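Only one structure is covered here, and it is reproduced in the block below.
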Amino acid sequence: MKRIKEKIGKKLDTSFYDNNDVTLIARQLLGKVLITKTGKVLTSGIIVETEAYSYKERGCHAYQNKMTKRNAIMFGDGGYAYVYLCYGMHHLFNVVTNKKGLAEAVLIRAIQPLDGMNHMINRTGKKLVNAIGNGPGKTSSALGIKLNHYGLPLNGNVIWIEDHGTIIGSEEIVSCKRIGIDYAGKDAHRKWRFFIKNNAWISKPCND
DNA sequence: TAGAGGATTGAT
DNA sequence: TCAATCCTCTAC
């Protein structure tokens, strides 16, 4: 009998997101697989670029523990989806981290497409594989992430993250300044953007 | 309640 | 370099 080789993926446990070092989680998320399921449509991609945000610094929506209707989910337990609309047209997906009351999150900036390629092509209108997932807005678009994903648990059955056993060594990770937060003063200089070296889906090169 | 601005993207 | 586009937040 012909055996079909199955991809073995283990859903990340809540304890993964509990950590109080948001930059460590941002690094550890590289190589993990982000998956969404809408009806019968399953799409996924390998996380190749992230950015860390903490209530302790000005680049973060929750700076100085300022809670609003938009960022309220950041103040809950880690392991939930924080999705918001940027520039009136792009949905950006964040992973909430740390414990209740400590507002931190990791922005998923880019994925390397994996499953459901045809659906991702339909959603994004892109034909070039390299143009799918190489930016935070494009990532959400490819995976069908919208505001209705706001607040969903990341160990559920709509959106979740799996560990496929890929370990990205520190020598393969590039860290540099985050993008688009010049207003954050000296916090804008924190090297809290992380991506996999030489990966073709990185949104932008380092400007440091 | 009005006005300003934004963790982006794609066209020019 | 700039426009698209609309939600969120702040100031009054």
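Quick caveat, the model's predicted, so the values are computed rather than measured. Residue numbers start from 1 in every chain, and the chains themselves are labelled A, B, ... in the order their sequence lines are given, proteins ahead of strands.
Side-chain atoms of K99(A) and N19(A) include no donor-acceptor pair closer than 3.5 Å.
If you measure from atom NZ of K204(A) to atom P of dA7(B), you get 12 Å, rounded to the nearest angstrom. Look at NE2 on H91(A): it is 13 Å from P on dT9(B), rounded to the nearest Å. Atoms OH (Y53(A)) and C1' (dG6(B)) sit 12 Å apart, rounded to a whole Å.
Listed by residue number, G135(A), P136(A), G137(A), K138(A) are the residues of residues 127-146 of chain A with a heavy-atom contact under 4.0 Å to DNA chain B. Shown for residues 191-203 of chain A: no residue has heavy atoms falling under 4.0 angstrom of DNA chain B. Contacts between residues 96-112 of chain A and DNA chain B, defined by a heavy-atom separation below 4.0 Å, involve L107(A), R109(A), listed by number.
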Begin with the C-alpha distance, continue with both residues' side-chain angles, and end with the deciding distance and a verdict on side chain to side chain contact (heavy atoms under 4.5 Å, CB included) for H164(A) and K32(A). CA-CA 7 Å; H164(A) 283 206; K32(A) 301 289 188 290; over 6 Å; no
Evaluate side chain to side chain contact (heavy atoms under 4.5 Å, CB included) for M74(A) paired with C60(A), printing each intermediate quantity in order. CA-CA 10 Å; M74(A) 286 183 76; C60(A) 182; 3.6 Å; yes
Mind running ring pair (Phe, Tyr, Trp, His ring centres under 6.0 Å) on Y84(A) and Y82(A) for me, showing each step along the way? CA-CA 7 Å; Y84(A) 71 95; Y82(A) 170 34; 5.5 Å; yes
For E51(A) and R190(A), what are the C-alpha separation, side-chain angles and deciding distance, and is it a salt bridge (charged side-chain N to carboxylate O under 4.0 Å, His left out)? CA-CA 11 Å; E51(A) 277 182 4; R190(A) 291 174 188 264; over 6 Å; no
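More than 12 heavy atoms of other shown residues, nucleotides or ligands fall within 6.0 angstrom of atom CG in L147(A).
Remark: R70(A) engages no residue in a salt bridge (charged side-chain N to carboxylate O under 4.0 Å, His left out) (not counting sequence neighbours).
Put simply, the side chain of S44(A) never gets that close to the backbone of I35(A): no donor and acceptor are under 3.5 Å apart. Judged purely by atom type and a 3.5 angstrom limit, T43(A) has no side-chain atom pairing as donor or acceptor with the backbone of G116(A). Remark: the backbone N or O of E171(A) is paired with a side-chain donor or acceptor of K197(A) at under 3.5 angstrom. Formation of a donor-acceptor pair under 3.5 Å by the E49(A) side chain with backbone atoms of S203(A) is found in this model.
Hydrophobic clustering places V174(A) together with V48(A) (ILVMFWY residues linked when any side-chain heavy atoms are closer than 4.5 Å, directly or through intermediates).
Helical stems involving DNA chain C, defined as 3 or more consecutive Watson-Crick or G-U pairs under 3.5 Å, span B:1-6 with C:6-11, B:8-11 with C:1-4.
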Once each nucleotide of nucleotides 5-12 of chain C is scored for protein heavy atoms under 4.0 Å, what B/S/- sequence comes out, 5' to 3'? BBSSSS--
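Among V33(A), D163(A), N157(A), I161(A), the single residue meeting the side-chain contact (heavy atoms from CB on, under 4.5 Å) criterion with K11(A) is N157(A).
Here the side chains of L107(A) and L92(A) are in contact, with some heavy-atom distance below 4.5 Å.
Residue-to-nucleotide contacts include no donor-acceptor pair under 3.5 Å from the side chain of H90(A) to the base of dA7(B).
Taking the C1' atom of each, dC2(C) and dG5(B) are spaced 16 Å apart, rounded to whole Å.
Seen from the ring of F194(A), R109(A) does not count as a face-on cation partner, given the 6.0 Å and 45° thresholds.
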